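Values below: every heavy atom of this structure, side chains too, minus hydrogens, waters and symmetry copies. A quick note: this is a predicted structure, and the numbers were derived from the prediction, not measured.
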Amino acid sequence: MSAPILRVADLDVSFSLRGKRLHALRKASLELAKGETLAVVGESGSGKSVLCKTFLGMLDKNGRVDSGSILFEGRDLARMRTEKDWLRIRGKRIAMIFQDPMTALNPLKTIGEQIREAAALHRGMDRKSSRLAVLETLERVGIGEPELRYRQYPHEFSGGMRQRAVIAAAVACRPEILVCDEPTTALDVTVQAQILDLLKSLQKDLGMSLVFITHDLGVVASVAQRVAVMYAGQVVEQGTVDEVFHDPRAPYTWALLASLPQLGVKGEELYSIKGTPPNLFKEIKGDAFAPRNPQALEVDFEFEPPPIAVSPTHWARTWLLDERAPRIEPPETIRRLREWLAKRRAADATARNDGPGGVP
């Protein structure tokens, strides 16, 4: 992997709620290389969106960074406190696409003006040049008749078109990192495939790094080079897509991958993770996943596992990687992943060769 453009180390983030503190991130660590796509996956509430919002200084007012670092091109974003400092980073250097475009767009302003204001603010352009830049960007993201669309309002766009407009607003500022927070969840399968292809094309053209937050492991197989798996506010495993899909090591990663419905066998009950995630208001002792892991070791209930290297690009937080641990095989479902991943990639390649339409 090339030198990271972003390095998060031992990041702790908490929120004050009803007189108590909720520890949303606990020693979260990950790295993002220049020009790559990193997928961040995990159950709802695992801390994916909170982690990525810290890159842009977008925590809610009751949230704070307690410790750790976020190094972006040598600067520690975790130490930044003023909105003036964040405006030099947010949008201009690191931008974000949100899950619901209707909440990201102002219904009272035309699409073109919303994008133009962002470009003018972050790129120091005058009205004429920023308008021309917006028209070029609208065309780049696949919005036809840019002159007409510039003057229209969000309610006049379809769901897929609104998502393209939000993407246009983000890339109009030419950021180095684009964070995509489940940008295809509310879209149908055909439009989802088109948006994914668009993001990959923009990344190649503009040289951006992408952070892709998603629940859909099929999307991960299609767009990402590396994966960070999150659970209870921690990154429990990180590696290349091949490493995490073909040779997962953390028990939570096993469980998450085994839950893929595509790996189910006709006549057999689909796998599901038993129990619920831990209460983040309380102190967590040992491995946070241990109470839901039927194969947990005694040490898992007493001591938190450190990150242990599997290869130079792959590590996991699990005591199973300790040389003293017994050998425990992953579930049978995990062995079907290689075949499924190969089929998925073949389908993606066919779709690209056949033109528009996407992967079913």
Side-chain angles (χ1 to χ4, degrees), residues 1-16 21-42 46-99 104 118-119 121-124 166 169-183 203 206-214 224-230 233-236 238 280 307 315:
M1 189 181 79
S2 60
I5 187 174
L6 184 77
R7 176 181 284 135
V8 182
D10 296 328
L11 191 67
D12 278 34
V13 171
S14 63
F15 292 85
S16 176
R21 294 214 71 81
L22 183 145
H23 296 278
L25 296 181
R26 305 176 304 113
K27 298 180 183 177
S29 300
L30 60 74
E31 291 185 350
L32 174 69
K34 188 173 180 61
E36 79 163 351
T37 300
L38 170 69
V40 182
V41 302
S46 60
K48 306 184 298 295
S49 294
V50 171
L51 174 60
C52 292
K53 283 181 178 179
T54 62
F55 307 161
L56 297 101
M58 291 181 63
L59 291 178
D60 293 337
K61 290 183 179 180
N62 62 338
R64 73 183 188 199
V65 175
D66 296 314
S67 61
S69 61
I70 309 167
L71 296 180
F72 172 58
E73 296 185 337
R75 185 174 188 178
D76 189 357
L77 304 183
R79 305 278 78 82
M80 290 173 54
R81 295 290 181 266
T82 68
E83 187 67 11
K84 183 179 178 181
D85 287 338
W86 277 115
L87 285 175
R88 298 191 183 103
I89 300 293
R90 188 189 306 134
K92 185 176 183 179
R93 312 288 301 283
I94 305 176
M96 192 166 190
I97 300 169
F98 295 95
Q99 181 174 342
L121 173 65
H122 296 296
R123 295 174 65 185
V166 170
V171 302
C173 303
R174 300 295 188 268
E176 287 119 286
I177 298 175
L178 182 61
V179 180
C180 307
D181 190 355
E182 302 198 51
Q203 179 187 29
L206 303 177
M208 297 182 297
S209 301
L210 293 186
V211 179
F212 213 99
I213 305 171
T214 182
Q225 285 86 50
R226 290 194 308 127
V227 188
V229 181
M230 291 196 71
Q234 281 190 333
V235 178
V236 297
Q238 182 171 338
L280 297 180
W315 58 265

Return yes if some donor-acceptor pair links the side-chain N/O of [X] with the main-chain N/O of [Y] below 3.5 Å, else return no.
X      : Y      : answer
Gln203 : Glu36  : yes
Ser209 : Ile177 : no
Asn62  : Ser16  : yes
Arg123 : Cys173 : no
Gln238 : Glu31  : yes
Thr37  : Gln225 : no

In Å, rounded to the nearest 0.5 Å, how long is the span from [atom1] of [X] to [atom2] of [Y]?
X     : Y     : atom1 : atom2 : value
Leu56 : Met80 : CG    : CE    : 10.0 Å
Phe15 : Lys61 : CZ    : NZ    : 14.0 Å
Leu30 : Leu11 : CG    : CG    : 9.0 Å
Leu59 : Leu51 : CG    : CG    : 10.0 Å
Asp10 : Arg26 : CG    : CZ    : 12.0 Å

Any side-chain heavy atom of [X] within less than 4.5 Å of one from [Y]?
X      : Y      : answer
Phe212 : Pro183 : yes
Leu38  : Leu210 : no
Val229 : Val40  : no
Ile97  : Leu178 : yes
Ile94  : Phe72  : yes
Lys92  : Pro175 : no

Of all residues at least two apart in sequence or in a different chain, which pass the side-chain hydrogen bond (donor to acceptor under 3.5 Å, both in side chains) check with [X]?
X     : answer
Arg93 : Glu73, Glu176
Arg79 : Asp76
Arg64 : Asp66
Asp85 : Thr82, Arg88

message = Run Ser67 and Asp12 through side-chain contact (heavy atoms from CB on, under 4.5 Å) and show every step you take.
response = CA-CA 5 Å; Ser67 61; Asp12 278 34; 3.4 Å; yes

Where do [X] and [Y] come nearest, in terms of heavy atoms and distance?
X      : Y      : result
Lys48  : Val41  : CD-C, 3.6 Å
Val235 : Ala228 : CG1-CB, 4.0 Å
His23  : Ser14  : ND1-CB, 4.0 Å
Cys52  : Met96  : CB-CE, 4.5 Å
Gly233 : Ala28  : O-CB, 3.9 Å
Pro4   : Arg7   : CG-NH2, 3.2 Å

Lys27: partners by salt bridge (Lys or Arg N to Asp or Glu O under 4.0 Å), with sequence neighbours left out =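 Only Glu304 meet the salt bridge (Lys or Arg N to Asp or Glu O under 4.0 Å) criterion with Lys27.
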
request  = Report the C-alpha separation of Leu32 and Val211 in whole Å, then their side-chain angles, then the decisive distance to 0.1 Å, and conclude whether the side-chain contact (heavy atoms from CB on, under 4.5 Å) test is met.
outcome  = CA-CA 8 Å; Leu32 174 69; Val211 179; 3.7 Å; yes

message = Please determine whether side-chain contact (heavy atoms from CB on, under 4.5 Å) holds for the pair Val8 and Phe55, giving the CA-CA distance in whole Å, both sets of side-chain angles, and the decisive distance to 0.1 Å.
response = CA-CA 9 Å; Val8 182; Phe55 307 161; 3.6 Å; yes

key: Trace of the side-chain contact (heavy atoms from CB on, under 4.5 Å) decision for Met208 with Val171   = CA-CA 9 Å; Met208 297 182 297; Val171 302; 4.1 Å; yes

request  = Could you pull out all residues at least two apart from Ser49 that satisfy side-chain contact (heavy atoms from CB on, under 4.5 Å)?
outcome  =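 Testing Ser49 for side-chain contact (heavy atoms from CB on, under 4.5 Å), a comparison that skips the adjacent residues, returns Asp181, Ile213.
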
